[in-house]
Asks: 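Structure below; questions to follow.
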Protein chains: 2
Amino acid sequence: MSSDFPLSKINRRVLISGMALLPVVSGMPLTGIAQAQTTLGGSLASWNDGAAKQAIIDFVKATTDQGSPKFVPPEERIATFDQDGTLWVEHPIYSQVVYCLDRVPAVVEKDPKLKNVEPFKTVLSGNREAIAKLSLHDLEKILATTLTGMSVEEFTAEATKWLAAAKDPRWKRPYTDLIYQPMLEVMQYLRGNGFKTYIVTGGGQDFVRVHSGRVYGVPPEQVVGTAGGTKFGYHKDGQPFLTKEPRLLLNDDKAGKPEGIHLMIGRRPYAAFGNSDGDRQMLEYTGAGDGARLMMLVMHDDAKREYAYGPAQGLPASKVGTFTQALYDEAKKKSWTVISMKNDWKRIFAFDQTA
Amino acid sequence: MSSDFPLSKINRRVLISGMALLPVVSGMPLTGIAQAQTTLGGSLASWNDGAAKQAIIDFVKATTDQGSPKFVPPEERIATFDQDGTLWVEHPIYSQVVYCLDRVPAVVEKDPKLKNVEPFKTVLSGNREAIAKLSLHDLEKILATTLTGMSVEEFTAEATKWLAAAKDPRWKRPYTDLIYQPMLEVMQYLRGNGFKTYIVTGGGQDFVRVHSGRVYGVPPEQVVGTAGGTKFGYHKDGQPFLTKEPRLLLNDDKAGKPEGIHLMIGRRPYAAFGNSDGDRQMLEYTGAGDGARLMMLVMHDDAKREYAYGPAQGLPASKVGTFTQALYDEAKKKSWTVISMKNDWKRIFAFDQTA
């Protein structure tokens with residue numbers, strides 16, 4: 001962070017380092033965030049000068065300058081952000097999957113007959129190699145079992161507790177510390193210019209809502225994610241509550257992203273940010289609108305400060321966030337902007353003092 | 001409207017009478033509405049003094065006064081409104097059903113074999129008595145056929161055209177003129193006090209989004225309604241688009257209302273407004289939260305200025321918006337406020353000059 005922006009440094013510390021350690025709830029006041037937004041309005045301090053930074057600035061100028069032929073009225077200014085790999089670290093495994101694996105012992109304690117049933121047996125064994133080999137079908141079973149069957153409030157309490165305690169093994173920090181500072185600055189910069197920022201994630205909508213306000217300044221109603229149904233019912237005392245059900249309403253990935261955007265927002269975004277083939281349709285849908293549109297893809301090409309995976313541009317393949325060469329070629333053809341983490345970002349994380 | 005509020009009169013004319021005649025689109029700028037909100041912030045001018053008006057004022061005071069023990073941070077201030085019978089006329093038939101019936105000839109023209117198939121044959125006959133006797137199953141078939149199978153943009157264009165031309169047979173005015181002025185004032189009053197107003201309707205989400213911004217000042221992303229899936233695909237030229245599908249994602253009625261609120265908003269409302277048994281669970285869910293909560297039910301007891309139907313309090317039964325005696329009793333028991341259109345409202349519609 002450049003020394004000419006001391007206030008943002010303080011605010012960021014409060015937002016990311018300090019608050020991450022506090023117990024939080026889904027509906028937590030965003031006052032701190034809102035203040036930071038105003039303060040940070042125009043800063044892209046963690047970006048190196050270059051085509052990517054310039055594309056963001058040019059887009060905001062074109063859409064917010066009243067004299068611009070591409071001016072967009074404030075209420076139509078919608079920007080959507082994928083989360084995993086675009087706003088925070090997704091490699092080598094999605095944080096939500098870690099959450100679900102960590103929840104297995106508690107689930108088995110409540111339902112002991114699962115102890116000797118696969119895939120729960122393998123998870124309980126603690127054998128990392130065997131766990132890494134679980135099939136997609138096995139993982140889906142684990143997700144369904146650990147994310148549903150409880151009330152909405154119980155789920156929020158559990159996920160909140162986990163987020164406060166769990167740590168990424170490489171950085172030894174809470175997962176919510178591992179958000180990309182340059183992307184946080186883009187969100188704040190867009191909001192400072194009248195854009196409503198949405199998270200549009202393949203991750204669980206309720207899971208992301210638990211931290212979206214505190215970490216990104218995005219309220220729960222602006223999180224579009226993979227969503228299951230809930231069931232309305234009554235406690236014995238007559239108080240109503242909602243139970244999370246293993247019934248998929250929206251698979252918010254690939255074609256599901258523009259479909260989810262229509263369901264939850266009902267407007268075409270003017271800007272969309274992603275990092276993988278799962279975001280392709282969201283960027284295509286955004287780009288199909290008229291006027292100025294901004295489509296950006298984060299490319300993980302920084303093995304030293306984060307990770308390097310693709311396989312676009314010959315980067316090693318990954319199980320998460322696959323950025324294929326075909327997507328890279330489409331981006332070039334359609335003038336979408338590819339962000340090189342290595343070259344475009346001065347720093348990756350707020351705690352990174354190398355910049 | 002009282003003569004001490006000339007500005008709101010002008011704004012309302014612009015909003016309701018003038019703009020209703022213009023061609024509109026879903027994403028229409030809300031600048032006019034936003035201005036009206038500010039201007040009308042504190043006005044409940046079409047309400048008679050009484051318990052209902054006082055309940056609204058007391059609730060706003062309790063939740064927005066920083067010194068109040070029931071103060072609610074601005075970002076948590078969510079208010080939800082049913083539409084049919086709560087914000088506009090629903091009797092004797094929902095406007096959206098009229099839209100679907102009116103669309104049948106165009107659908108048959110595109111697919112002539114439907115001409116001799118029921119229930120389309122009956123609709124084409126124009127025999128009002130026979131049409132009124134169509135079963136729920138028949139109506140569902142008509143809704144599915146007329147509301148799906150086209151792109152999102154085609155649907156919006158059709159519904160916009162219909163809204164601008166169609167007229168209610170009793171008042172000989174566009175349906176969007178038949179909104180309840182006192183309820184519009186409540187929405188504006190709440191927004192003026194930092195509340196986000198949502199429509200939570202059993203009606204079609206996409207249908208209501210077409211007019212929600214222009215008529216209520218509620219943007220498309222704040223409309224929760226009965227929603228079908230869409231399917232992402234490509235035109236021959238490679239441009240992506242979404243097709244409306246006959247696949248129900250959310251039946252936003254009864255228990256579906258709190259379920260839809262959790263899906264689309266992810267927060268429990270602090271205030272909820274309805275008029276029928278379809279809104280019961282939404283009000284129960286709202287009332288189950290702590291602190292100050294406002295639950296209100298519009299009772300149609302004004303046969304002269306609008307309609308009288310119930311069957312609560314011995315009012316005649318209706319095919320739409322059934323307000324049962326059981327709901328009335330629950331409201332009394334739980335201290336929800338029942339609004340008497342006859343006694344609590346000085347005027348029903350903006351164009352009504354009797355007040």
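Naming convention: chains lettered A, B, ... in sequence-line order (proteins, then strands); numbering from 1 in each chain.
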Asks: Under a 4.5 Å cut-off applied to non-hydrogen side-chain atoms, are Leu147(A) and Tyr99(A) in contact?
Replies: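 A side-chain contact exists here, since the closest heavy-atom pair is under 4.5 Å.
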Asks: Taking only heavy atoms into account, what residues of residues 222-231 of chain B are found under 4.5 Å from chain A?
Replies: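 Counting heavy atoms that sit under 4.5 Å from chain A, the residues of residues 222-231 of chain B involved are Gln222(B), Ala227(B), Thr230(B), Lys231(B).
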Asks: Given heavy-atom pairs under 4.5 angstrom as the criterion, report whether the side chain, backbone, both or neither of Ile265(A) touches chain B.
Replies: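 Both the backbone and the side chain of Ile265(A) come within 4.5 Å of chain B.
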Asks: Tell me, side chain or backbone of Lys257(B) under 4.5 Å from chain A's heavy atoms, or both, or neither?
Replies: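 Answer is neither: Lys257(B) stays 4.5 Å or more from chain A.
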Asks: Counting only heavy atoms closer than 4.5 Å, note whether Glu259(A) contacts chain B via side chain, backbone, both or neither.
Replies: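 Both backbone and side chain.
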Asks: Chain B heavy atoms under 4.5 Å from Lys254(A): which part of the residue, side chain, backbone, both or neither?
Replies: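 No part of Lys254(A) comes within 4.5 Å of chain B.
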Asks: Does any backbone or side-chain atom of Gln281(B) lie under 4.5 Å from a heavy atom of chain A? Answer side chain, backbone, both or neither.
Replies: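 When you check distances to chain A, atoms from both the backbone and side chain of Gln281(B) fall under 4.5 Å.
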Asks: For the pair Glu221(A) and Arg267(B), find out whether any cationic side-chain nitrogen is under 4.0 Å from an anionic carboxylate oxygen.
Replies: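 Yes, Glu221(A) and Arg267(B) are salt-bridged.
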Asks: Check the pair Asp206(B), Arg209(B) against salt bridge (Lys or Arg N to Asp or Glu O under 4.0 Å), reporting the backbone distance first and the verdict last.
Replies: CA-CA 5 Å; Asp206(B) 285 346; Arg209(B) 279 171 169 173; 3.4 Å; yes
Asks: Could you tell me which portion of Glu284(A) (side chain, backbone, both or neither) has an atom closer than 4.5 angstrom to a non-hydrogen atom of chain B?
Replies: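 Both backbone and side chain.
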Asks: Does any backbone or side-chain atom of Glu245(A) lie under 4.5 Å from a heavy atom of chain B? Answer side chain, backbone, both or neither.
Replies: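 Nothing of Glu245(A), per the 4.5 Å heavy-atom cut-off to chain B.
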Asks: Mind jotting down which residue pairs meet the ring pair (Phe, Tyr, Trp, His ring centres under 6.0 Å) criterion with at least one end in residues 233-257 of chain B? Sequence neighbours excluded, please.
Replies: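 Residue pairs with at least one partner in residues 233-257 of chain B: Phe232(B)-Tyr234(B), His235(B)-Phe241(B).
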Asks: So do the side chains of Glu158(A) and Phe155(A) get within less than 4.5 Å of each other, counting heavy atoms only?
Replies: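 Not in contact.
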Asks: Testing Phe59(A), Phe273(A), Phe81(A) for ring pair (Phe, Tyr, Trp, His ring centres under 6.0 Å) with Phe195(A), which one passes?
Replies: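 Of all the options given, the one that passes is Phe59(A).
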Asks: Among Thr201(B), Ile199(B), Val200(B), find the one that has a side chain to side chain contact (heavy atoms under 4.5 Å, CB included) with Thr80(B).
Replies: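 Only one option passes, and that is Val200(B).
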Asks: For Lys161(A), does the NZ atom sit with more than 12 other heavy atoms under 6.0 Å from it, leaving out its own atoms?
Replies: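 Open.
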Asks: Are the side chains of Thr63(B) and Leu294(B) in contact, using a 4.5 Å heavy-atom criterion?
Replies: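 Heavy-atom side-chain distance check fails, nothing below 4.5 Å.
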